[in-house]
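In what follows, every heavy atom counts, from backbone to side chain, and hydrogens, waters and symmetry copies are set aside. None of these values were measured; they are calculated from a predicted model. Order of appearance sets the numbers: ligands from 1, and atoms from 1 within every ligand.
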Amino acid sequence: MVSRRQFILTAIPAAAAVATSGRALAQTRLDETEAPAVALGYKHDATKVDAKKFPAWQAGRNCANCQLYQGKDAWGACGAVGGKLVNAKGWCVAWVKKA
Ligand code: SF4
């Protein structure tokens with residue numbers, strides 16, 4: 001039987017490791033060449049979006065004013081790309097006006 005002390009000594013470091021690895025994954029910047037980025041037409045710089053291929057893009061639309069952008073920093077997590085970091089000045093076709 002596992003004592004309370006043994007449980008705490010093993011569970012806390014394990015939980016910390018899981019939290020740390022999750023944070024590391026979430027803090028990874030999305031690369032424009034990754035499949036989700038390519039599929040969504042994501043660019044770190046919204047002015048570089050292929051407007052012919054993605055006519056939904058309009059000047060002024062960017063990650064910073066998208067509903068899916070998390071945070072207020074230059075890079076923020078986005079659920080549309082698995083929680084990876086996208087640039088506040090970026091854009092993709094999943095853009096939704098921030099409420
Ligand atoms: Fe940027 Fe929004 Fe597209 Fe995410 S869904 S990459 S925040 S425009």
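- Remark: the Trp95 side chain and the Asn65 side chain contain an N/O donor-acceptor pair separated by less than 3.5 Å.
- A salt bridge links Glu34 to Lys84: at least one charged side-chain nitrogen sits closer than 4.0 Å to a carboxylate oxygen.
- Proximity to Tyr42 (heavy-atom distance under 4.0 Å) selects the following atoms of ligand 1: 6 (S).
- Shortest contact from atom 4 (Fe) of ligand 1 to any protein heavy atom: Cys78 SG, 2.2 Å.
- Using a distance-only test at 3.5 Å, with no hydrogens or angles considered, a donor-acceptor pair links the side chain of Asn87 to the main chain of Lys89.
- Taking atom 8 (S) of ligand 1 as the reference point, the nearest protein heavy-atom neighbour is Cys92 N, 3.4 Å.
- Because the distance cut-off is set at 2.8 Å, Cys63 qualifies as a neighbour of atom 1 (Fe) of ligand 1 through one of its N, O or S atoms.
- The distance from ligand 1 to the heavy atoms of Ala80 drops below 4.0 Å at these ligand atoms: 5 (S).
- Environment of NZ in Lys98: crowded, with over 12 heavy atoms of neighbouring residues, nucleotides or ligands closer than 6.0 Å.
- Using a cut-off of 2.8 Å, one finds that Cys66 contributes no N/O/S atom close to atom 3 (Fe) of ligand 1.
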Verify ring pair (Phe, Tyr, Trp, His ring centres under 6.0 Å) between Trp91 and His44, making sure each step is shown before the conclusion.
CA-CA 7 Å; Trp91 182 89; His44 295 314; over 10 Å; no
